[in-house]
Amino acid sequence: MPAARESLLDAAYTALTERPWTAVRMVEVAAAAGVSRQTLYNEFGSKEGLARALVRRETDHYLAGVARALSRGAPVAGARGDAAGRIVAAAAWTVRTARANPLVRAALTGCWGDRLPPAPTVSAGPAPAGTPRPPGVPAQRAAPSGEGPLPGPAELVGRFCDQAVAALRPGWPEEELPALGTACETAARLTLSWVLAPPASGAAPAPGRIPAQRSRREPETEAVSRLVRSAFAGMTAGTQPAEWK
C-alpha cells in the first residue's frame, strides 16, 4: 500500500514536529493518515518499525537532494562546467536540510535529542578518514525495505562523496581521480563539521524542532559554501579538464 505508507510516514513526521516521539501515539498517527491502526501495524510492525522507516525515508530524500544538486550545471559539449559550484550546491543543500529536518540532522551528526526516536543502530559505513578507498567505489549501502542498520554519519559522508565523484569524474583526467576523490571527501567532511558545530550565529534549532521559515540565502549557508568552494578548488587546482575552467 504505497499511498497508505507515505500518508502514515507523513503523519508520523508531522506528529514529531509537534511533540516528543515518546508522546506520539500509533492510533493518532493512523487517524491522521486516514487508515486503521491495524493497517499501520501491518505496514510497520511496531512503533520502532515506524521510526526506522521514517528515518530511512528522510535520509533517502536527503541523498536524492544531494544527487540533484550535483547534477545542476553539469557540463555538456561546448559548455563550461563548474565542478566546485556543484559541490557547493550539495553542501548548501546539506546545511539547509539539516537545519529544517531534525531526523536528517540527527542521522548526519549522531546526536539524537530526547524529542526524537531512540538512536537507532546504524551501519558502520565506509572506512575512517585516511583509509585509502579508490574514487568511485561505493560506500556500504543500506539494506532495502527498512531492514538492516540505518545510515549513520560515516555512511552518509561516504555516500555524499561517492555521488560527488560519480557526478564529476566524466571527463576528469584519469591520473587525477585520486585527487578528485580526496577533494570530494574533504568537502563532505567540512560540510558535516558545519552541521555538527555551526557558528553561534547560525546555531541549529533544538533537536526535533522545526525552525521558522528563513530567507533562502542564509548567512551560514553562504559561509559554508565559501569554505567548501575554497577547499575543493584548492585541492583540485590544475586537475580539472581545460574546458571546465
Side-chain angles (χ1 to χ4, degrees), residues 48-49 51-70 86-114 116-169 177-198 204 207-208 220-221 224-225 227-228 231-232 235-236:
E48 179 185 1
R52 291 176 62 80
L54 183 58
V55 173
R56 189 173 297 286
R57 184 186 74 162
E58 299 308 306
T59 53
D60 284 349
H61 284 181
Y62 156 68
L63 289 168
V66 170
R68 287 193 301 272
L70 289 166
R86 293 159 69 188
I87 288 287
V88 164
W93 163 259
T94 298
V95 171
R96 289 195 303 270
T97 305
R99 167 170 285 281
N101 190 316
L103 292 176
V104 171
R105 184 174 191 277
L108 281 167
T109 64
C111 300
W112 294 82
D114 56 9
L116 299 178
T121 301
V122 300
S123 63
T131 302
R133 178 164 64 91
V137 174
Q140 179 181 345
R141 293 296 185 252
S145 304
E147 299 176 357
L150 293 168
E155 182 176 347
L156 290 172
V157 165
R159 294 181 71 174
F160 181 116
C161 180
D162 290 343
Q163 291 186 102
V165 170
L168 300 178
R169 72 179 297 166
L177 285 177
L180 173 63
T182 300
C184 288
E185 182 172 1
T186 298
R189 293 189 180 280
L190 281 173
T191 303
L192 178 60
S193 68
W194 195 278
V195 171
L196 182 62
E220 60 268 29
T221 302
V224 74
S225 295
L227 177 65
V228 169
F232 182 86
M235 296 183 73
T236 59

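Rounding to the nearest 0.5 Å gives a distance of 8.5 Å between OG1 of T59 and CD of E155. Here the straight-line distance linking atom OG1 of T94 with atom CZ of R105 works out to 13.0 Å at 0.5 Å rounding. Taken to the nearest 0.5 Å, the CD atom of Q163 stands 11.5 Å off from the CG atom of L168. Put simply, CG on L108 and CZ on F160 are 10.0 Å apart, with the number rounded to the nearest 0.5 Å. In this structure, the separation between OG1 on T182 and CG on L177 is 11.0 Å, given to the nearest 0.5 Å.
Contact record, A179 with M235: CB-O, 4.5 Å, taken as the closest heavy-atom pair. Of all heavy-atom pairs spanning G181 and V165, the tightest one is CA-CG2, 3.9 Å. Listed here is the closest heavy atom pair of P117 and W112: O-CE3, 3.6 Å. Residue T221 comes nearest to S225 through the heavy atom pair O-OG, 2.7 Å, listed as atom of the first residue, atom of the second, then distance.
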Could you give me the CA-CA distance, side-chain angles and deciding distance for V224 and L190, then say whether side-chain contact (heavy atoms from CB on, under 4.5 Å) is met? CA-CA 8 Å; V224 74; L190 281 173; over 6 Å; no
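With sequence neighbours excluded, the residues that form a side chain to side chain contact (heavy atoms under 4.5 Å, CB included) with A89 are A69. The side chain to side chain contact (heavy atoms under 4.5 Å, CB included) check on A164 picks up L70, I87, C184, with sequence neighbours excluded. Checked against side chain to side chain contact (heavy atoms under 4.5 Å, CB included), T97 has the following partners two or more places apart in sequence or in another chain: Y62, W93, N101, V104.
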